[in-house]
Trainee: 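Structure in structure tokens, see below.
Worth saying up front: this structure is predicted, and the values here are computed from it rather than measured. Protein chains get the first letters and strands the later ones, always in sequence-line order, with residue 1 at the start of each.
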Amino acid sequence: MNRLKTSGVLALALLLVACAVNPFKTAQTSEQKADALYGEYVIAKEAAGKVLDNPAVSNAVKRAIATKGLATSPAANSLHDAVIKLTEERDKVLLGTSTEAKLLIAAQSLEKWIADAGPLIKSFKTAVEGVK
Amino acid sequence: MGSLPFILSIGQYIAQALLNPAISSGKTAEWAGYLNLALYLGQLGSEANEDRKKLNDQIAEAVAAKRGLTPEQRAEWRGRNDLVDQKMKEWLAANPG
């Protein structure tokens, strides 16, 4: 009986792994990687929000998760702002209302925010997954 | 692979629930507790996986079109983050340490 149960668990685990997707790996450009990173952050954030509703989780853990979530938001939102700015500059260059130099600055800013916000977002995701 | 630890944690809880001797010894309350926890974790995991699939589809579309997400898609993700930020602020205000 236990073997049957174990087989069922393994089958379920394999199914869950098979269903898992990784948007960050799907992304190819810095712009797409930034979008994927931010989306992953929001998904982890919403899971953290649901943890706040769970009476089985202690207030100390909820407080730590909420504090970490709010502390990560400025960097994550700056990453999001940077990708929006890059898109706007590219559109302006196409329209002839901006310069390649400004586009380069926007691209460098995005790279900086991917490097800065990426580890913070991953750390937050790990914390949320640990609570769940 | 960022979701793997979460998936394994779900698997761990489900395994504990299924393999726990309480099931066969008739300790139904303990079994029910494991089952509830497994269902809760499974629900959270399922919702997160659905969202991750949606995001992956959006990114795959963007890759095919050689662009980033659309402004509308970006606005949706930002709005969702802002909502959780607000919820976290309200929770912290109502539960000061």
Trainee: Is there a path of hydrophobic side-chain contacts, each under 4.5 Å between heavy atoms, that joins L37(A) and L120(A)?
Mentor: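 No, separate clusters.
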Trainee: Are any side-chain N or O atoms of E46(A) and backbone N or O atoms of V84(B), one a donor and one an acceptor, separated by less than 3.5 Å?
Mentor: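 Judged by distance alone, no pair lies under 3.5 Å.
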Trainee: Sort T67(A) into side chain, backbone, both or neither according to what part of it lies under 4.5 angstrom from a heavy atom of chain B.
Mentor: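 Looking at T67(A), backbone and side chain both touch chain B.
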Trainee: Who among R90(A), E31(A), K122(A), K45(A) has the most heavy-atom pairs with chain B under 4.5 Å?
Mentor: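 Most heavy-atom pairs under 4.5 Å with chain B: K45(A).
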Trainee: Check each atom of K62(A) against the heavy atoms of chain B and say whether the ones under 4.5 Å are side chain, backbone, both or neither.
Mentor: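 Both parts, backbone and side chain.
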Trainee: Counting only heavy atoms closer than 4.5 Å, note whether K54(B) contacts chain A via side chain, backbone, both or neither.
Mentor: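 Answer is neither: K54(B) stays 4.5 Å or more from chain A.
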Trainee: Could you check if a side-chain atom of I43(A) sits within less than 4.5 angstrom of a side-chain atom of L55(B), using non-hydrogen atoms only?
Mentor: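 Touching, per the 4.5 Å side-chain cut-off.
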Trainee: Less than 4.0 angstrom from a charged side-chain N to a carboxylate O is my criterion; do R67(B) and D35(A) meet it?
Mentor: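 Looking at D35(A) together with R67(B), the answer is no, because their closest N to O distance does not fall below 4.0 Å.
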Trainee: Given heavy-atom pairs under 4.5 angstrom as the criterion, report whether the side chain, backbone, both or neither of Y41(A) touches chain B.
Mentor: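 For Y41(A), side-chain heavy atoms alone lie under 4.5 Å from chain B.
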Trainee: Which heavy atom in Q32(A) sits nearest to a heavy atom in V63(B), and how many Å separate them?
Mentor: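 For Q32(A) versus V63(B), the nearest heavy atoms are OE1-CG2, 3.3 Å.
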Trainee: Does anything in residues 68-76 of chain B reach chain A? List residues with heavy atoms under 4.5 Å apart, or say none.
Mentor: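 At a heavy-atom separation under 4.5 Å, chain A is reached by G68(B), L69(B), R74(B).
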Trainee: Please look at W77(B) and chain A and tell me whether the side chain, the backbone, both or neither of the residue comes under 4.5 angstrom of a heavy atom of that chain.
Mentor: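 Interface part for W77(B): both.
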Trainee: Can you tell me which of T29(A), N77(A), T26(A), V83(A) forms the most heavy-atom pairs within a distance under 4.5 Å of chain B?
Mentor: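 Of the options given, most contacts go to N77(A).
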Trainee: Under 4.5 Å, heavy atom to heavy atom: which of residues 97-117 of chain A reach chain B? Give them by number, or say none.
Mentor: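 At a heavy-atom separation under 4.5 Å, chain B is reached by no residue of residues 97-117 of chain A.
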Trainee: Say you draw a straight line from CH2 of W91(B) to CG of L70(A); how long is it, rounded to the nearest 0.5 Å?
Mentor: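 That separation rounds to 11.0 Å.
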Trainee: At a 4.5 Å cut-off on heavy atoms, which part of I84(A) comes close to chain B: side chain, backbone, both, or neither?
Mentor: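 Contact with chain B involves both backbone and side-chain atoms of I84(A).
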Trainee: Can you measure from CZ (R80(B)) to OH (Y38(A)) and round to the nearest 0.5 angstrom?
Mentor: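 Result: 10.5 Å between the selected atoms.
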Trainee: What pair of heavy atoms forms the shortest contact from S73(A) to N81(B), and how long is it?
Mentor: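 Answer, listing the atom of S73(A) first, then N81(B): OG-ND2, 3.3 Å.
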Trainee: Quick one: of E40(A), Q28(A), R63(A), who has the most non-hydrogen atom pairs under 4.5 Å with chain B?
Mentor: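 Counting heavy-atom pairs under 4.5 Å, the top option is R63(A).
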